[in-house]
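So the structure is just underneath, and the comments pick up after that.
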Number of protein chains: 2
Amino acid sequence: MSEPIASFSPLYEQIKAMILASLQAAEWLPGDAIPSEMELAVRYAVSQGTVRKAIDELAAQNLLVRRQGKGTFVATHQEEDWQYRFLRLEPDSGEKLQLKNQFLVCECGKSDSHIAQLLKLKAGDPIIRIDRVQSYAGKPIVFEEIWLPEGRFKGLTLDMLNAWSGPVYAFYESEYATHMVRAEEQIKAVLADENLALHLQIPIGSPLLSVERVAFTYDNKPVEIRHARYDTSDQHYDNKLN
Amino acid sequence: MSEPIASFSPLYEQIKAMILASLQAAEWLPGDAIPSEMELAVRYAVSQGTVRKAIDELAAQNLLVRRQGKGTFVATHQEEDWQYRFLRLEPDSGEKLQLKNQFLVCECGKSDSHIAQLLKLKAGDPIIRIDRVQSYAGKPIVFEEIWLPEGRFKGLTLDMLNAWSGPVYAFYESEYATHMVRAEEQIKAVLADENLALHLQIPIGSPLLSVERVAFTYDNKPVEIRHARYDTSDQHYDNKLN
DNA sequence: CAGTGGTCTAGACCACTTC
DNA sequence: AAGTGGTCTAGACCACTGC
């Protein structure tokens with residue numbers, strides 16, 4: 001009888017947990033429809049309203065997408081309007097940002113202690129390091145370093161990346177069954193060093209936005225580190241506060 | 001019979017609109033409890049569940065705060081944990097940021113066309129301009145210019161600001177019945193000019209985060225412009241992406 | 001027309017706060 | 001014990017999609 005510590009957990013939370021487990025277990029894949037509310041209600045032996053509340057919250061977290069008349073779908077970075085869901089950079093003009101990708105480096109190495117800690121690995125664990133430049137209107141405006149745990153992204157090569165057109169998160173999804181759910185960014189202002197100046201074709205000492213991102217999958221596991229530098233001469237980082 | 005354009009509006013949306021209207025009309029003030037779900041259900045002649053859904057969404061937007069057993073309250077910037085709800089700056093150390101305020105300027109003038117446009121005024125309309133510096137651990141790290149429409153903030157003086165201890169948004173709330181609901185920020189990297197270098201006690205040419213904010217009240221009306229510069233040597237702008 | 005999600009209701013009961 | 005929000009149910013009906 002001793003219901004210990006966590007004093008009380010509503011039914012819909014348990015349903016949420018079970019749906020989440022199915023997502024983690026890849027029982028339903030990104031883009032797929034999950035079973036209807038009625039089916040899930042039967043499966044979990046609860047009322048439709050309870051399933052509904054569970055799905056509502058998962059949809060609010062952007063893990064699921066509801067489409068009236070059609071069903072409820074697993075969120076995917078492949079979708080049109082999801083393409084650059086985590087990108088907050090925006091031209092000052094208000095136009096839509098269209099980025100052109102160029103991958104420069106993709107090599108395997110050993111992680112230093114900083115990256116290892118962020119990815120919850122041990123220092124020295126094998127890691128993939130990618131460099132890329134992104135251009136807008138012919139001008140390079142983003143230089144980005146990416147670190148991935150080699151275990152989850154075995155066999156990744158520069159050629160695969162350059163063959164891919166579209167967002168990197170869609171690539172991870174389709175090639176490595178890894179769906180990014182959320183991310184945390186830490187932003188600073190820095191000065192361009194020689195290397196950055198070269199890649200972004202700007203003078204040394206130009207101000208740049210430094211954006212360090214950790215991205216997470218379903219189980220809240222960090223699986224990607226990014227360190228981007230944005231040239232914000234003609235664009236800005238856009239943020240809504242609620 | 002001609003239900004025109006907006007084809008369909010659920011009941012709870014209409015309830016939301018009516019609650020919002022009461023908030024705008026200051027029928028319930030920040031910090032106050034609004035009537036119970038049952039009372040509202042009677043008032044609007046709908047079921048409790050419908051009122052509930054309306055309140056749920058307003059609470060999700062941080063306009064209302066639910067407290068089990070106590071009631072539902074109008075959100076306020078006076079609350080402990082709401083003090084710096086819109087401030088995303090955070091020490092790299094992970095400690096809690098404790099800012100010390102110093103107001104430098106508070107003067108009335110005429111708005112230029114840029115500020116006027118953002119505040120939806122006419123160029124030349126009277127406007128209040130405030131400068132301040134904020135320090136952490138004895139070091140000045142934020143320089144901020146603030147613009148307010150003179151109409152809504154009549155009689156604001158430098159002395160009033162310096163007499164106030166606490167967040168500016170709590171001040172607006174208690175002195176000018178103006179509650180901020182959301183804000184939009186545009187962030188860039190810039191270099192410190194002579195003036196900024198002086199205020200932040202850093203070398204000219206140091207990299208700074210430029211943060212331009214527009215803050216809105218209930219009716220989606222912009223009522224405050226801020227242009228802040230953050231020294232991000234030992235702190236960063238923290239952002240969560242979902 | 002059948003199937004999906006979306007809205008609305010009415011009622012029971014639980015958890016938390018206050019008196 | 002009374003009052004608040006929180007959970008759960010069962011059932012009716014509406015809106016949208018696709019066959």
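Given the structure is predicted, the values throughout are model-derived calculations rather than measurements. Proteins come first, then strands; the chains are lettered A, B, ... in the order of their sequence lines, and each starts at number 1.
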Requested in this report: Specify the residue among A/Gln48 and B/Ser36 whose closest nucleotide of DNA chain D lies further upstream toward the 5′ end.
Outcome: B/Ser36
Query raised in the report: Any side-chain heavy atom of B/Val133 within less than 4.5 Å of one from B/Phe103?
Result: no
Report task. Determine whether B/Tyr169 and B/Gln83 make a side-chain contact, defined as any pair of heavy atoms from C-beta on separated by less than 4.5 Å. Result -> no
How close or far is atom [atom2] of [N] from atom [atom1] of [X], stated in whole angstroms?
X	N	atom1	atom2	value
A/Glu37	D/dT17	CD	P	16 Å
B/Met38	D/dT4	CE	P	9 Å
A/Ile15	D/dG6	CD1	P	20 Å
A/Asp56	D/dT7	CG	P	13 Å
B/Arg52	D/dC8	CZ	C1'	11 Å
B/Phe8	D/dC14	CZ	P	10 Å
B/Ile55	C/dC8	CD1	P	15 Å

Between [X] and [Y], does at least one N-O distance fall below 4.0 Å, as a salt bridge requires?
X	Y	result
A/Arg182	A/Glu184	yes
B/Lys154	B/Glu150	yes
B/Glu90	B/Lys240	no
B/Glu145	B/Arg226	no

Report task. Taking only heavy atoms on the protein side, list every residue of residues 61-71 of chain B lying under 4.0 Å from any atom of DNA chain C, sorted numerically. Result -> B/Gln68, B/Gly69, B/Lys70
With respect to the side chain of [X], which nucleotide from [options] is positioned closest?
X	options	answer
A/Lys53	C/dG6, D/dT7, C/dC8	D/dT7
B/Thr50	C/dT9, C/dT4, D/dG6	C/dT9
B/Ser47	D/dT7, D/dA10, C/dA10	C/dA10
A/Leu11	D/dG5, C/dG5, D/dT9	D/dT9

Report task. Mind running side chain to side chain contact (heavy atoms under 4.5 Å, CB included) on B/Thr157 and B/Met160 for me, showing each step along the way? Result -> CA-CA 5 Å; B/Thr157 66; B/Met160 290 167 68; 3.3 Å; yes
Requested in this report: Ignoring backbone atoms, test whether A/Tyr12 places a side-chain nitrogen or oxygen under 4.0 Å from the OP1 or OP2 oxygen of D/dC8.
Outcome: no
